[in-house]
Amino acid sequence: MKSVNTSVVKKDAMALVTGKPVYTDDLVPKDCLIVKVLRSPHAHALIQEIDCSRAEKLSGIACVLTYKDVPGKRFTMAGQSYPEPSPYDRLILDQRLRFMGDAVAIVAGETEEEVDQALNLIKVKYEVLEPVLDFRQAKDNPVLIHPEEDWQSLLPVGADNKRNLCASGGKEQGDVDEVLDQCDYVVDHVYHTKANQQAMMETFRAYCYLDTYGRLNMVSSTQITFHVRRILAHALDIPKSKIRVVKPRIGGGFGAKQTVVAEVYPAVVTMKTGRPAKMIFSRYESQIASSPRHEMEIRVRIGANKDGILQAIDVHTLSNTGAFGEHGPTTVGLSGEKTIPLYRTPKAFRFAYDVVYTNVMSSGAYRGYGATQGIFAVESAVNELAKKMGMDSVKLREMNMVKEGDYLPAYHGETLNSCALDRCMAKAKEMIGWDKKYPSVDMGNGKVRGVGVAMSMQGSAISGLDVASVELRLNDDGFYTLMIGASDMGTGCDTTLAQVGADCLECDVEDIVVHGTDTDVSPYDSGSYASSTMYLTGMAVVKACTEMREKIISKAAQYLSCDKDSLEFDGKRVYQPEGELEISLKDIGNRVMCSNEDMLSAGASHTSPVSPPPFMVGMAEVEVDQETGEMELVDYVAVVDCGTPINPNLARIQTEGGIAQGIGMAMYEDVTYTDKGQMVQNSLMQYKIPTRLDVGNIRVEFESSYEPTGPFGAKSIGEIVINTPSPAIADAVANAVGARVRELPITAEKVYRHMRG
């Protein structure tokens, strides 16, 4: 390999660091209408009267839209393959308002000042209804969040709007209760993870216009370019053929932009007025009306025999989807499917879940997608079990962890083709000096240092469902154009896919121009989510390059008037190893531009019946003040098995960034509501995301396995990296001062209260 497993500089690096106009708002035309939304001041209410007359008369206002003026077709904003598991429970604007911040009316005008003034002139009379704010009380509550008769669930996910259920279900093997009764050691605890904001640098934003043919052209900062087209078609009740979606560069997504948060509002304005329109979310709006991580409460029961072999795992998850069901049915599944299979030994397992509607902001996708919440709960329970048994928590895992070749009944019945989890554990243990530091070291100054451990698994695309496609062309002078449907959101897939193509075609990365994503031009791709891009799209690149090589040799045989079986291709020329005939790739590329009936192009799609999991071990060292409970993260080490790292530098950056987000979830970030349903952390002054100074020393290494179903042995890395910090840090705190915190974030106040009993 010449390019794969090499730290190639990102193709867009210079454009980004020099501030080139590449993001959505950079590309907006000057005559674009400004679109904003009037938001509900109540958590649950009905609009009785709405008077827009004064706002409509204001100079510079192009339109004011209410629920009476927009299509009344229900849809979901979740970017998922069709038919979506998420229920069709939204309207563009609805008479019923379901959370404080829900859309009441849309205003479009020439300037931001005029739009703001118009918003203040809209008069609304509300019938305030009783809200359901505690998700523990939502199921079968007499107050219904979605009483409407046209609510619809397209797939059998256990949803029932008349019970406030977005989804319900589970799976099991063996008699969990009987096996637990026979165990020598059992832990049974409830763990609570709060909602978390992705807090990407570029907020939600989109602009649109009608082209010469009257088609809606949407330019959107999105991870799900093709799904945006379908969602807009459903919401606006127009054919997909009337919509084109283009994705420019994205200033971060982390799953937030797997939901169509902003796009429908400028789209309906443009369809009504015929004028270009844009919507740019403020940071405030991104905090109060977006798509944060699902709040979950997870009960875990784990039992082991006296030798430390796990016998049974029981996980029940209660998930808060909020006002709407985006990603509710799918996110919850990973809280069990990506936790129970980490352990090979249980005789029985059970995973059950309920996803409930409440009157708070609806949740969505966030890096880790349910596995993050489940890993915190299950790995914390395993650490508590080790403590109860008086066993080193690393040793307990070494005795029970899944290994290469294992069959995983709790993970879709897959067999592990690749797994270096044991080597990840050994490496992390060595890096942090576990044997010298476990469980704690008294610093002699009132502070104690403790170490903690956690491991995790994720997936590589959604098996049997996700699709990736690419198209490859040979151009004159012998360079290639690679059209991809995947949405690069800052991860560098434009670069890593070119690396895969370069090794397949035996050329330089610079010889491949990568272009995407445009629904009129790009081949179909499910989208950049579920850790799918390199695993799926990378294999589509391998397929397309294989086809391209065959076509190049066949065309060369035609030009050289010889048998193609006598020729070989070395990336620069096609030649006869045992003869004198040869032709350069440049000459082939130029000659096909004249008198030619065969395009030198290749296309490929790829899906996978399996979703090979990457693995990771994380270890944290914290220092806790015994007087105050204040803690500091001193060191964090991580060892990742992502198969073959295509670009080690980009893989390392992915890992470090994910760990930083996981540290934020563990120690700082919190979402709380008042008794009226108002979100408290409505700006980055209240919502504390860690800076580089807050995350301590992060060290990352890789222990590569080889995944035979992935390109050059690669698996995913995008999501796995966020999962271990919260349980590892919680374990380190418990080992330091005996304070076992089971609700995130782990703050000094919580540690202090636990230390004081």
Side-chain angles (χ1 to χ4, degrees), residues 134-141 158 163-183 185-196 293-304 310-321 328-329 331-343 346-358 363 368-389 393 396 400 410 454 456 665-666 723 726-727 730-731 734 740-746 750 754:
D134 186 344
F135 74 128
R136 301 172 188 87
Q137 300 174 6
K139 183 178 175 181
D140 295 323
N141 194 295
R163 300 182 63 196
N164 285 335
L165 275 177
C166 176
S168 182
K171 64 175 71 172
E172 62 181 298
Q173 178 176 294
D175 191 327
V176 170
D177 296 320
E178 181 180 344
V179 174
L180 284 172
D181 286 342
Q182 296 171 359
C183 288
Y185 299 94
V186 176
V187 296
D188 181 352
H189 294 296
V190 175
Y191 303 87
H192 185 196
T193 63
K194 299 288 195 69
N196 297 125
R293 188 185 298 285
H294 288 76
E295 177 185 21
M296 292 187 185
E297 188 172 82
I298 303 173
R299 181 187 179 189
V300 182
R301 296 193 298 162
I302 295 184
L310 300 187
Q311 302 295 301
I313 301 179
D314 186 17
V315 176
H316 182 273
T317 301
L318 177 64
S319 177
N320 183 4
T321 195
T331 301
V332 71
L334 276 68
S335 67
E337 294 167 1
K338 298 298 194 303
T339 54
I340 297 171
L342 275 168
Y343 298 95
K347 298 175 181 177
F349 71 83
R350 179 167 55 205
F351 171 47
Y353 56 84
D354 290 310
V355 184
V356 294
Y357 285 113
T358 60
S363 297
Y369 202 80
T372 314
Q373 298 96 309
I375 289 290
F376 169 66
V378 172
E379 287 298 278
S380 292
V382 170
N383 286 326
E384 294 203 56
L385 180 64
K387 181 67 69 175
K388 191 171 187 177
M389 298 175 65
S393 48
L396 182 62
N400 291 279
S456 67
M665 176 181 179
N723 294 335
S726 54
D731 189 37
R740 174 63 64 178
V741 181
R742 301 189 183 100
E743 180 188 72
L744 297 180
I746 305 165
K750 292 176 184 176
H754 279 78

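Computed from heavy atoms alone, side chains included, the values below leave out hydrogens, waters and symmetry copies.
The two atoms that bring Gly368 and Leu334 nearest to each other are O-CD2, 4.1 Å, heavy atoms only. The heavy-atom pair separating Ser168 from Asp354 by the smallest distance is OG-OD1, 2.7 Å. For the residue pair Thr358 and Ala138, the shortest heavy atom distance occurs at CG2-CB, 3.9 Å. Nearest approach of Ser335 to Thr317, heavy atoms of both residues: OG-OG1, 2.9 Å. The shortest heavy-atom contact between Val187 and Ala381 is CG2-O, 3.6 Å. Minimum heavy-atom separation, Pro727 to Ala454: CG-CB, 3.5 Å.
When side chains are defined from C-beta on, Ile298 counts as touching Val315, because their heavy atoms get closer than 4.5 Å. Side-chain contact between Ile340 and Val378: absent, with no pair of heavy atoms (C-beta onward) separated by less than 4.5 Å. The shortest distance between side-chain heavy atoms of Leu310 and Leu385 falls below 4.5 Å. Residues Gln311 and Gln182 are not in side-chain contact: their nearest non-hydrogen atoms beyond the backbone lie 4.5 Å or more apart. Contact check for His192 versus Arg742: no side-chain heavy atoms found under the 4.5 Å cut-off. Between Thr331 and Met296, some side-chain heavy-atom pair lies under the 4.5 Å cut-off. Within the 4.5 Å cutoff, the side chain of Leu342 has heavy atoms near those of the Ile375 side chain. Contact check for Ile302 versus Tyr343: no side-chain heavy atoms found under the 4.5 Å cut-off.
In this structure, a donor-acceptor pair under 3.5 Å is absent between the side chains of Glu297 and His316.
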Evaluate Gln373 against Tyr191 for side-chain contact (heavy atoms from CB on, under 4.5 Å), listing each step before the verdict.
CA-CA 9 Å; Gln373 298 96 309; Tyr191 303 87; over 6 Å; no
Between His294 and Thr321, does the side-chain contact (heavy atoms from CB on, under 4.5 Å) criterion hold? Intermediate values first, please.
CA-CA 6 Å; His294 288 76; Thr321 195; 3.7 Å; yes
Trace of the side-chain contact (heavy atoms from CB on, under 4.5 Å) decision for Asp731 with Glu379
CA-CA 9 Å; Asp731 189 37; Glu379 287 298 278; over 6 Å; no
Does Arg293 form a side-chain contact (heavy atoms from CB on, under 4.5 Å) with Lys194? I'd like the steps, not just the answer.
CA-CA 8 Å; Arg293 188 185 298 285; Lys194 299 288 195 69; over 6 Å; no
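For the atom pair Met389 CE and Tyr185 OH, the distance stands at 5.5 Å (nearest 0.5 Å). Here Arg740 contributes atom CZ and Asn383 contributes atom CG; the two are 5.5 Å apart, rounded to the nearest 0.5 Å. In this structure, OG in Ser456 is found 11.0 Å from NZ in Lys338, a value given to the nearest 0.5 Å. Asn196 contributes atom CG, which lies 10.0 Å from atom CD of Glu295 (distance to the nearest 0.5 angstrom). Summarising the geometry, atom CZ belonging to Arg136 is positioned 9.5 Å from atom CG belonging to Asn320; distances are rounded to the nearest 0.5 Å.
Take Ser726 and apply the side-chain contact (heavy atoms from CB on, under 4.5 Å) test, not counting sequence neighbours, and it matches Phe376, Ala666, Leu744. For Glu743, the salt bridge (Lys or Arg N to Asp or Glu O under 4.0 Å) partners at least two apart in sequence or on another chain are Lys750. Applying the salt bridge (Lys or Arg N to Asp or Glu O under 4.0 Å) criterion to Asp177, with sequence neighbours excluded, gives Arg301, Arg350.
A donor-acceptor contact shorter than 3.5 Å is absent between the side chain of Ser380 and the backbone of Ala377. At distances below 3.5 Å, at least one donor-acceptor pair connects side-chain atoms of Thr339 with backbone N or O atoms of Gly336.
Two rings, from Phe351 and Tyr353, have their centers less than 6.0 Å apart.
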